[in-house]
Every structure is written in structure tokens, then in C-alpha cells.
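Below is one structure, written out as C-alpha cells, with a few remarks after it.
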Amino acid sequence: MKPLVLNIQKCSIHDGPGIRTTVFFKGCPLDCTWCHNPESQNYKVDFMYDPEKCTHCYTCIEKCEHDAICLKEGKLVRLDDKCELCGTCLDWCLAGSRELVGDEYEASELIKELEKDSMFYEESGGGVTLSGGEVMCQDMDYIEKLIRGLHNKGIDVAIDTCGYAAQENFEKIYPIVDRFLYDIKLADEDLHKKFTGKSNSLILNNLKYLNSVDANINIRIPLIEGVNIDKDNIEIKRIIEILKPLKISSINLLPYHNIMEHKYKKLEKEYKCDTFRKPSDEKLEEIKKLFLDNNFNNVKIGG
């Protein structure tokens, strides 16, 4: 089964060097409390509904062939056990309040689409970034074919990964990847389990593996008050100790934002980030200085 593509974002400047096109695949093994793309977590097609756009014409109820939409207490409700994700209700929704998330592409078809922006890649030193969800948990034969096809077109390829995947997946493609954008969220294993649902041991082991084969590693650290940021920067200092023995090409410190809250509402998922905050500018500079003081010279706040 081919991976599902969530989005193809063009003219991105935050997912690696230069101007890039970022391909977001659906499906992720982590369940990060602060996930900015909750629609990327599921490996299957997702349904999203925006009640603020809905004009309550109720045509969707009439046209649904599976009786999967009904009114309950004056609200439109989709019945998961009946919905076939056929898209008929989307076709009849003139307000555009309904959306199916996830499309299949043949690798050759996706390469053709990504090649359209080659001029931007060449002029800016950019390329294509494969992201998610988690690209390293997809069909790796497909991903390898995609990367080789892009390289045949002279296109730089970056992999944006949380690192939680089988090591053999990294072994399969690391020789043909130009750079890994590698997320490190927390050093403490218990905290990592609490906020992502998984241990970080596999993530750290894969990071060490990539370092051992001289992969080009760009570390990306989300900075979140209430998760990995406190007065004494304890978690950041732990992360620095993990990274010290490694050959890291650059570090991006990514301040938290909460612009994704509306996505949770559309997916009818619980939003659990009310207590999380973006660190102050002073705190961000303080953390940057910590890395600089530990001989990490290529450190940037932001993507």
C-alpha cells in the first residue's frame, strides 16, 4: 500500500536550506501532546469538519448514501461506524466545511509534481524535504524509489524525522539522503513517555547510528514552556550532554506555537495544550547561549 500524502507545501523556508517543497506523509508512531499536525498522526484517511464554515443546509444528510450523517442536539454528527469516507458529502458541500485528508501518489507522479519547482531549488540551494507524520515509518521501498528519482533530477533531499523507526529503515536510505532534520524533544525517558507516549531510547540509538555512518545531521529541538523548558534549563542541559559526542552540522531551536488548535476541533480531538507556552525571547537567547558555550557554533532560533 502506498503512503498517504497529507500535504505538499511549496516555497518552504523552514524545512532545510534554501527554498524547499515539503511533502507531509500521514502516520506517526508518536502521540506528542503538542502535535502541530494532528491530522498527520493517523496512517489512514482522516475526515475534518469545520462547523464555522457550515451553513446548515443539511444537504450532506440527504446525499449521504450510507446514512452516516445525522443531527444530534442541533449539531451535525458523522457516524464513524457507517462512514465509508467516500467523499460524496464533500461534493455537495458548497461551503467547503468538509474535507478528506490523505491522497495516494505513485512515486513517479510525486516526483513529477516536485520537479516543477526545480528552478527555485537551483537558485536558492534548496530541494525537497520529506516530512510527516513520520516518513521513516512508511513503505521504505517507496521512499527509496522517491529519493533516487529526485536525485536523478539533481534535487537535494532532506528527511525530517522524529527518529522513532526501525534502524533498518535508516540503514536502507541514509547513503542517499542529503541531510536528516532530526527531532530531539526530551532527554528524560519518563518525560518523553509522558508527553509523546513512547520511550526515547530508540530515537537516541538511531541518532547514534546516523552519527556513526557520518550522516549529515541537523538537530531540531521544540522549545515548550511546561514540557522541556524550566527556570534552570535542566532538560536542555541534558540534551546538550547527549549531543556533545556527536558530529552535528547545525541546531535549530523551535519556539512552540498554538496555531494548530483549530485542527483539533475539525478532527473532534481533545486539545491538551492549554498550559503550554512559547518561551520568552530572553529565554530563547539564554538557551542559544548554552549551546554556543558548549561549542555548538551553528545554532539558530527558528526553522
Side-chain angles (χ1 to χ4, degrees), residues 1-10 12 22-106 109-110 113 131-135 137-139 162 194-198 222 224 226-227 256-278:
M1 182 177 177
K2 292 184 286 292
L4 290 176
V5 173
L6 162 67
N7 186 26
I8 300 175
Q9 182 176 304
K10 302 198 173 194
S12 174
T22 303
V23 182
F24 294 90
F25 290 97
K26 275 181 63 61
C28 183
L30 301 187
D31 184 19
C32 299
T33 307
W34 62 86
C35 181
H36 288 165
N37 294 309
E39 75 277 28
S40 74
Q41 294 175 347
N42 189 359
Y43 288 87
K44 299 179 181 179
V45 173
D46 268 313
F47 177 87
M48 298 180 76
Y49 167 62
D50 187 349
E52 294 183 6
K53 287 185 178 179
C54 182
T55 60
H56 305 287
C57 67
Y58 304 134
T59 305
C60 55
I61 296 178
E62 175 189 344
K63 298 296 182 181
C64 179
E65 299 173 358
H66 308 287
D67 296 323
I69 308 172
C70 63
L71 274 178
K72 283 188 178 180
E73 297 178 359
K75 295 181 179 180
L76 280 174
V77 175
R78 183 179 66 94
L79 306 175
D80 285 333
D81 59 335
K82 291 187 176 183
C83 180
E84 298 288 336
L85 298 173
C86 64
T88 300
C89 61
L90 278 67
D91 296 337
W92 290 93
C93 182
L94 299 180
S97 66
R98 313 174 79 78
E99 179 183 0
L100 290 180
V101 181
D103 294 298
E104 282 190 356
Y105 287 81
E106 295 290 345
E109 182 185 5
L110 187 53
E113 178 65 28
S131 186
E134 178 48 57
V135 62
C137 290
Q138 306 297 333
D139 180 334
C162 74
K194 175 182 177 181
F195 287 111
T196 74
K198 295 289 194 300
I224 310 169
V227 177
Y256 168 78
H257 64 74
N258 64 352
I259 61 174
M260 71 296 190
E261 183 175 359
H262 69 286
K263 294 183 179 181
Y264 285 84
K265 293 178 180 177
K266 291 180 183 179
L267 288 164
E268 296 183 333
K269 284 189 172 185
E270 182 183 0
Y271 181 72
K272 303 176 183 177
C273 305
D274 290 331
T275 61
F276 298 161
R277 296 289 181 270
K278 173 186 173 182

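As a basis for the values below, the full set of heavy atoms in this structure was taken, side chains included, without hydrogen atoms, waters or symmetry mates. What you are looking at is a predicted structure, and each value in this text was computed from that prediction instead of being measured.
Residues Tyr105 and Leu4 fail the side-chain proximity criterion, which asks for heavy atoms closer than 4.5 Å. Under the 4.5 Å side-chain criterion, counting only non-hydrogen atoms from C-beta, Phe25 is in contact with Val5. Between Glu39 and Leu6, the closest side-chain pair of non-hydrogen atoms falls below 4.5 Å. With contacts defined as side-chain heavy-atom distances shorter than 4.5 Å, the pair Gln9/Phe24 qualifies. Between Leu267 and Tyr49 there is no side-chain heavy-atom pair separated by less than 4.5 Å. Residues Leu110 and Ile8 meet the side-chain proximity criterion, which asks for heavy atoms closer than 4.5 Å. His56 places none of its side-chain heavy atoms less than 4.5 Å from the side chain of Leu71. Between Leu100 and Phe47 there is a side-chain heavy-atom pair separated by less than 4.5 Å.
Here the closest non-hydrogen pair linking Lys53 and Ser97 is CB-CB, 3.8 Å. Summarising the geometry of Cys64 relative to Ile69, their closest heavy-atom pair is CB-CD1, 4.2 Å, with the distance given to 0.1 Å. The two residues Cys60 and Leu76 have their closest heavy-atom pair at SG-CD1, 3.9 Å. The heavy-atom pair separating Tyr256 from Cys273 by the smallest distance is OH-CB, 3.3 Å. Contact detail for Gln138 and Pro3: the closest heavy-atom pair is OE1-CB, 3.4 Å. Scanning both residues, Lys266 and Asp50, for their nearest heavy atoms gives CE-OD2, 3.6 Å.
The structure places SG of Cys57 at 9.0 Å from CD of Glu62, a figure rounded to the nearest 0.5 Å. With rounding to the nearest 0.5 angstrom, the CG atom of Asn258 is 10.5 Å from the NZ atom of Lys278. Between the SG atom of Cys89 and the NE2 atom of His66 there is a distance of 9.5 Å, given to the nearest 0.5 Å.
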Run the numbers on Phe276 and Thr33 for side-chain contact (heavy atoms from CB on, under 4.5 Å), then give the verdict. CA-CA 10 Å; Phe276 298 161; Thr33 307; 3.8 Å; yes
side-chain contact (heavy atoms from CB on, under 4.5 Å), that's the test. Do Met260 and Cys35 meet it? Break it down for me. CA-CA 8 Å; Met260 71 296 190; Cys35 181; over 6 Å; no
Go through Glu65 and Glu84 one step at a time and tell me if the side-chain contact (heavy atoms from CB on, under 4.5 Å) criterion holds. CA-CA 9 Å; Glu65 299 173 358; Glu84 298 288 336; over 6 Å; no
Could you check Trp92 against Arg98 for side-chain contact (heavy atoms from CB on, under 4.5 Å), going step by step and ending with a plain yes or no? CA-CA 10 Å; Trp92 290 93; Arg98 313 174 79 78; over 6 Å; no
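Around atom CD of Glu268, no more than 12 heavy atoms belonging to other residues, nucleotides or ligands sit under 6.0 Å away. Open room surrounds NZ on Lys194; 12 or fewer heavy atoms of other groups in view lie less than 6.0 Å from it.
A side-chain donor-acceptor contact under 3.5 Å links Lys198 to the backbone of Pro29. His36 places a side-chain N or O within donor-acceptor distance of the main-chain N or O of His257, the cut-off being under 3.5 Å.
Checked for salt-bridge contact, Glu113 and Lys10 meet the test: a charged N lies under 4.0 Å from a carboxylate O. Salt bridge Asp80/Arg78: present, at least one basic N to carboxylate O contact under 4.0 Å. Using a 4.0 Å cut-off between a side-chain N of Lys or Arg and a carboxylate O of Asp or Glu, Lys26 and Asp46 qualify as a salt bridge.
Using modelled atom types, one finds a donor on one side chain and an acceptor on the other under 3.5 Å when comparing Asn37 with Lys263. A side-chain N or O of Lys269 and one of Gln41 form a donor-acceptor pair less than 3.5 Å apart.
Between Trp34 and Phe195, the two ring planes are tilted [angle within 30° to 60°].
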